[in-house]
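One structure is given here, and the rest of the page talks about it.
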Amino acid sequence: MSDTMPGRFYGVGLGPGDPELITRKAARLIAEADVLAYYSGTHGRSIARSIAADLIPDGVIEELLVYPVTTGTTDHPGGYDGAIADFYDESAARLAVHLDAGRTVVVLCEGDPLFYGSYMYLHDRLAPRYPTEVVPGVTSVSAASAAAAEPMVRRTDVLTILPGTLPAPELARRLADTDGAAIMKLGRTFPAVREALAQSGRLDDAVYVERASMDRQRILPVTEVDADAVPYFSVILTAGDRSPRNRAVADRSRPSVAAEVTHPEANELFVVGLGPADEKWLTAEAADALAKVDHVVGYGPYVDRVPVRPGLHRHSSGNTVEVDRARFALDLALSGEKVAVVSGGDAGVFGMASAVFEAAQDDTYASVPIRVLPGVSAVQAVAARAGAPIGGDFAVMSLSDRLKPWDVIEKRLAAVSEADLVLGIYNPASRSRTTQVADAKTVLLRHRPADTVVVIGRDVGRSGESLEVTTLEKLDPAGIDMKCLLIVGAAGTSVTPTGAVWTKRSVDGQSSGSSTTDWTSRP
C-alpha cells in the first residue's frame, strides 16, 4: 500500500474567453499545477487551453480529453449517451492515476465549471474520492449581458437560464412566464429558438451576442441574425424591463391592474374548462375563446397548458388562492381587458367557476358578464376509460376538507351510499391529507358490500396513465394520491369478462353487492 498522499483536484473557471477575465485565484492554480486537463472536440483544439495559454507553465503535464462524438452518430451500443458516459469514465480514470500519485490536477473550464460545464461530470466521479475545490468563473451570460449593456433583471424580477435544446413550445412557455431570460446552446437550435421567441412575444426585443468577450464578438438584434451562421458559443438575451408582462407594471412582484379604468365598458369574462389532459380534450368552443383573449389567469399547471402566442399575458398563481385569482381576473375584465380564467377538467366541477361567481358577488363587478365554457370533467374521463360506470344515477364529491369540515363529508358519504348512487371521488388525498381515503372507506363499508366495484384512475389522459379495477374491501388507501380519481360503484355496477365496468340504467329496488373476482389493473 502506497504512503503517497493523494493529489488535490481543481475545477477552474476561465471565464467566457477574454484572458483578462480569469480570476487571480484561477491564474495562481494554473501556474502551480502538476497536471492541466482540458476538453476538445474531435478536431483536438481546446478553447479552454487557448484562453489560459499565456499562464501555462513549462514542464506541466497536459491531458487532452477528446470527445469521441459531439453531435454526430456513433456505433456505440449505448448510443450517444453510452459513448459519452464511457468517455467520462475513461477521462476520470486517467486523471485518477495522477491524483493517486500525489499530483495536483487542474481541469480548465471555459465559463464557470458548474454552469453547463463538462467539468461537472469529472467532479461527479472524482470529488467523492479526492480533495476537491471548484473555482468559479465569469459565465457567458454575464459576459454577454455586459457586452450588450443589457440590465437583465432588477428588484423582484426573475432571471431564467434556458437551453436552446428545449422543444419550441416549452421554450416559448418559459419565456412568456419569466422576466429576464438568457438562452444558451444555440447553433443548430437557432431556428426553433427564434420561433419560440416569436410565439412568446419577445422576438423584437431579443439581443444576440456571439462569442462574448472574444476577438470575434458580435452583437445584433435576433431578427437580423443569419440562422446558418450561428455558432454554439452564442447567447440570446431578453431583458426583464422589456418582458411583455412587465411593460407599464409598477410593482413586478405580482401582476397588477392599472388604477384608472382605460376602457369605458367591462369585457365578458370567460371561465374555461381545459379538460383533464392535453389539447385533444379541449373543446372547440374553449379553444376559440383562448385564441381571442389577451390574458389567461389560473393555477400554474393549468396556465402552462395554454399555448403561448404573441400578445398573450399569462398570470399564474398557487392552488389555494382561488377567490383572489378570481378577483384579479374580474378586475382585468372590468378594465376592458379580454380575459379567460382556466381550470382543469370542467371549470364548473370543483373548478374556478364557483370561485369567480363568489368573487363577483361584490357590487364592484356587477357590470362584468361571466360566461362558463364547459370541459370534459375528470370523472367523465376516468369513466370512459373504464367503460360506463356512471351510466346510471351518480354523485360526485371531494374529500378535501379545506372548504368544508370532515363531519359534513362523512354525512354526505353515508347519504350517497344509502341512496345507492355511484360515487365519483375527487381530491382523495394529498401530502397533507393522508387519512381521508381510509376514513371514507370505513364509512362506505358501513353501507356498501365489501365486493362493491371500485375504479381507480390515475393521470388519465396524460403520459403514464393507469386504470385499476378493484373492490371496496381491497381498496388500498396507501396507493391513492392527488393524481387519482375514484369511482365507487352501486348495486347495479358490474364488470364484464373483458374488464369493462358498467352500471345498469334500470333499478329494481333491490340493493345488493355485485359479485366480482379476479380484478386486474390496466395500464
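All values below come from the heavy atoms of this structure, side chains included, with hydrogens, waters and symmetry mates left out.
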Using a 4.5 Å cut-off on heavy atoms from C-beta on, say whether the side chain of Arg125 contacts that of Asp89. yes

Sole candidate of His315, Arg314, His313, Lys338 that passes side chain to side chain donor-acceptor pair (under 3.5 Å) when paired with His295: His315

Look up atom OG1 in Thr493 and atom NZ in Lys504, then write down how far apart they are to the nearest 0.5 Å. 9.5 Å

Student check: side-chain heavy atoms of Val460 and Leu485 closer than 4.5 Å: no

Identify, with sequence neighbours excluded, every residue that meets side-chain hydrogen bond (donor to acceptor under 3.5 Å, both in side chains) alongside Ser343. none

Hey, are Ser91 and Tyr121 close enough side-chain-wise for a donor-acceptor pair under 3.5 Å? no

Got a second to check how far Met397's CE is from Tyr426's OH, nearest 0.5 Å? 13.0 Å

State, with a plain yes or no, whether a side-chain heavy atom of Ile183 is found less than 4.5 Å away from one of Leu166. no

Using side-chain hydrogen bond (donor to acceptor under 3.5 Å, both in side chains) as the criterion, list what pairs up with Asp476, not counting sequence neighbours. none

Can you check whether Asp331 reaches Tyr365 side chain to side chain, under 4.5 Å on heavy atoms? yes

Okay, side chain of Tyr67, backbone of Phe87: is any donor-acceptor separation there less than 3.5 Å? no

Test salt bridge (Lys or Arg N to Asp or Glu O under 4.0 Å) applied to Glu170 - qualifying residues, sequence neighbours left out: Arg173, Arg174

We want to know whether Ser400 and Ser398 form a side-chain donor-acceptor pair, criterion being a heavy-atom distance below 3.5 angstrom. no

Measure the shortest side-chain to side-chain distance between Arg305 and Trp281 over non-hydrogen atoms and say whether it is less than 4.5 angstrom. no

